[in-house]
Structures are given as C-alpha cells and as structure tokens.
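Whatever order the structure lists them in is the order used to number ligands and atoms, beginning at 1.
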Amino acid sequence: MMVDILTLFPEMFSGPFDASIIKRAREKGIIEINLINIRDFSRNKHRTVDDTPYGGGAGMVMAAEPLFEALDWIRAHRGVPDRVILLCPAGRTFNQRVAAELSRVKHLVLICGHYEGIDERVAEHLVTDEISIGDYVLTGGELPAMVVVDAVCRLVPGVLGERASALEESFNDGLLEYPHYTRPREYRGYRVPEVLLSGHHEQIRLWRRRQSLLRTLASRPDLLAGANLTDEDRKILASVMEEIKSLI
Ligand code: 4GX
C-alpha cells in the first residue's frame, strides 16, 4: 500500500512512523509512506499557502492552488490514487470498519488542513472522502492522519505477525478484550485469577469469554448490538442477567 500525506508539517510524523510496527512494515516494503510538503507546491515567491477569506472574517484559509498542484504531481508521478481523504471535523467518524475498508485499497492520499479550514473547492473537486477522528477540535489534520494511517496499516496483510492477524480475524467478534496477566502469580499481594493457572483449557476459554462479555456489558453496552454472539454467549449473558436479578 502507498500512502501520500500532504502536510505543512512533515516533521511531525517522524516519531510515530519511525518506530515499532509501522517502521518494520515500511522497512519490509509492505507499506510506503511519503510525506509531501504542501509548501513545495506554492507558486508565489514567499511560498505562502494561506490567504484571507473572501467575504471577510477572522483567520486565514488554506488556498486551493498548492493542493491541486500537489495532486497533479501525485497523479503524474505515482498514478491516480484510490482515495483522497481530508481529515476534518465534518467528516464521517473514523472507526474499525472504515479502517478495514481503507486497508483494502492500494493508494491513499491524506490531506492535513490547518487554519480556519481549506478553500471549499478542494473538498468539492479533489477529495473523495472526509474523515473525522472524533468530536473534539485539534490544531491541524496531522494527528488525525497519524491515527488513520496507524489503524489502516496494521490491517494490511503482512504488517502484523501471523498470530496477531489470525487473532484479529477470528477473535473478539466485536467484544472488548478479556483481562491479561503475566508473571509473577502474586505481586504486592495481588493475585492472578486461579483459573488461569489451572491448565484447564476449556475452563480458561469460558472464563475469558465471560470476562469479555461482562466488560462489554459494563463499559460499552452499545457494542453488544453489533457483536457476533454465539448461542453460548447468549447463555452466558442470560445467566449474568439472572445473577443481577437475584441481587436486586
Ligand atoms: N478529526 N481538525 C483539521 C483544519 C481544517 C478545518 C476544516 C480542513 C477543513 C479534526 C478531527 C480536527 C481541526 C483538523 C481543524 N481542515 N480533524 N483542522 N477532530 O478537529 O479530523
């Protein structure tokens, strides 16, 4: 997969994309991430990329020209991208389903906006998708771009190890994770649940599934509606509900 990121601050990306899993995926050539400075496509002598808004008002607006020029350059040198994504508060909210969808294409372009916003002609004639990472206001589109690239790239085949990606496929069925423990079995008097030390694989599986269901019910009940529940899960949940009824 190729990801071209259009930004005024390419240096912001060095940390997250040069460590851990994304670093290894880039080294292996599974993903190629290119940082493109929008300022390089400004045609005026001061290399400006923003201007005052038509109609007046406070603040500055990112001009259309450098972004259209940058997209022309991308099309000429790297081919026509599958998606041109603008990170902005008005976009559809990013989630795992959107990440999975984007992980199946070959070439993404992400545009990171600044100031009060971008000349509307960019959204109208250049952008295919507008994405928001959530309802809060950031200073620019760079952090959202990092979030999107991280979540998308880990789903590209070969980026995670075989074990991790098998887990990703089959496992939690839209539920929260069960709690994890490692050595020692007792730390400052805090003990690891006995069942995990028992070696009874079936009991451990049931305990973990019940923990996933309990956690989801307690912290994110909204997820249960979209979860992939088995008959066994429904039985576990029914017994949990009976237990709650007996308490009240
Ligand atoms: N999820 N922001 C972008 C500037 C801007 C405004 C309009 C394009 C159009 C955000 C978010 C977010 C603040 C990034 C405004 N760019 N982006 N920026 N939340 O708050 O994606």
Side-chain angles (χ1 to χ4, degrees), residues 1-17 22 31 33-44 46-75 81-105 107-156 220 222-223 226:
M1 168 179 286
M2 180 168 353
V3 184
D4 293 323
I5 301 174
L6 297 177
T7 172
L8 290 169
F9 302 98
E11 69 279 4
M12 281 181 73
F13 293 83
S14 340
F17 290 168
I22 303 299
I31 57 172
I33 301 174
N34 303 302
L35 295 162
I36 299 172
N37 194 335
I38 298 165
R39 203 173 292 284
D40 292 343
F41 294 89
S42 168
R43 286 178 171 279
N44 64 57
H46 297 293
R47 303 223 303 157
T48 61
V49 290
D50 61 338
D51 209 335
T52 53
Y54 275 125
M60 299 293 272
V61 176
M62 272 173 84
E65 185 186 61
L67 289 164
F68 273 83
E69 292 284 332
L71 254 298
D72 285 346
W73 184 90
I74 288 171
R75 288 192 207 96
D82 297 295
R83 307 284 188 97
V84 178
I85 297 164
L86 176 63
L87 290 313
C88 63
R92 69 168 163 156
T93 307
F94 190 62
N95 60 26
Q96 195 62 19
R97 198 177 53 246
V98 178
E101 178 191 318
L102 295 177
S103 75
R104 289 190 283 270
V105 311
H107 185 183
L108 296 175
V109 173
L110 276 66
I111 299 176
C112 306
H114 266 266
Y115 314 113
E116 307 315 307
I118 304 184
D119 188 304
E120 189 60 22
R121 289 167 289 193
V122 170
E124 265 180 316
H125 304 291
L126 223 44
V127 166
T128 64
D129 300 68
E130 296 184 28
I131 291 178
S132 163
I133 62 161
D135 292 340
Y136 36 81
V137 182
L138 299 165
T139 59
E142 281 76 14
L143 286 166
M146 291 178 215
V147 168
V148 168
V149 170
D150 189 88
V152 168
C153 285
R154 67 184 285 286
L155 298 178
V156 172
R220 292 293 308 279
D222 58 300
L223 294 180

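L138 approaches P144 most closely through the heavy-atom pair CD1-CG, 3.5 Å. When every heavy atom of V49 is checked against every heavy atom of S42, the shortest pair comes out as CG1-CB, 4.3 Å.
Considering only non-hydrogen protein atoms, atom 12 (C) of ligand 1 sits nearest to P89 CG, 3.7 Å. With hydrogens left out, the protein atom closest to atom 18 (N) of ligand 1 is G113 O, 4.0 Å, a heavy atom. Protein heavy atom closest to atom 9 (C) of ligand 1, with residue, atom name and distance, is C88 CB, 3.7 Å. At the shortest separation from atom 13 (C) of ligand 1 among protein heavy atoms lies L138 O, 3.1 Å. The shortest contact between atom 6 (C) of ligand 1 and any protein heavy atom is with G117 CA, 3.6 Å.
In terms of N/O distances under 3.5 Å, ligand 1 is approached by G134.
The structure places CG of L102 at 9.5 Å from CG of L155, a figure rounded to the nearest 0.5 Å. One distance of note links CG of L110 with CD1 of I33; it measures 10.0 Å at 0.5 Å rounding. Atom CD1 of I36 and atom CD1 of I5 lie 9.0 Å apart (nearest 0.5 Å). Distance check, rounded to the nearest 0.5 Å: OG1 of T139 to OH of Y115 gives 11.5 Å.
Those atoms of ligand 1 that come under 4.0 Å of a heavy atom in G140, given as number and element, are 3 (C), 14 (C). Annotation for ligand 1: atoms under 4.0 Å from non-hydrogen atoms of Y136 are 19 (N), 20 (O). Shown in contact with I133 at under 4.0 Å from a heavy atom are these atoms of ligand 1, numbered in order with element: 1 (N), 21 (O). Short contacts between ligand 1 and G141, defined as distances under 4.0 Å to a heavy atom of the residue, involve ligand atoms 3 (C), 14 (C). Of all atoms in ligand 1, listed by their number and element, those nearer than 4.0 Å to a heavy atom of V137 are 20 (O).
Around atom CZ of R75, more than 12 heavy atoms belonging to other residues, nucleotides or ligands sit under 6.0 Å away. Around the CG atom of D135, the shell of radius 6.0 Å holds no more than 12 heavy atoms that belong to other residues, nucleotides or ligands.
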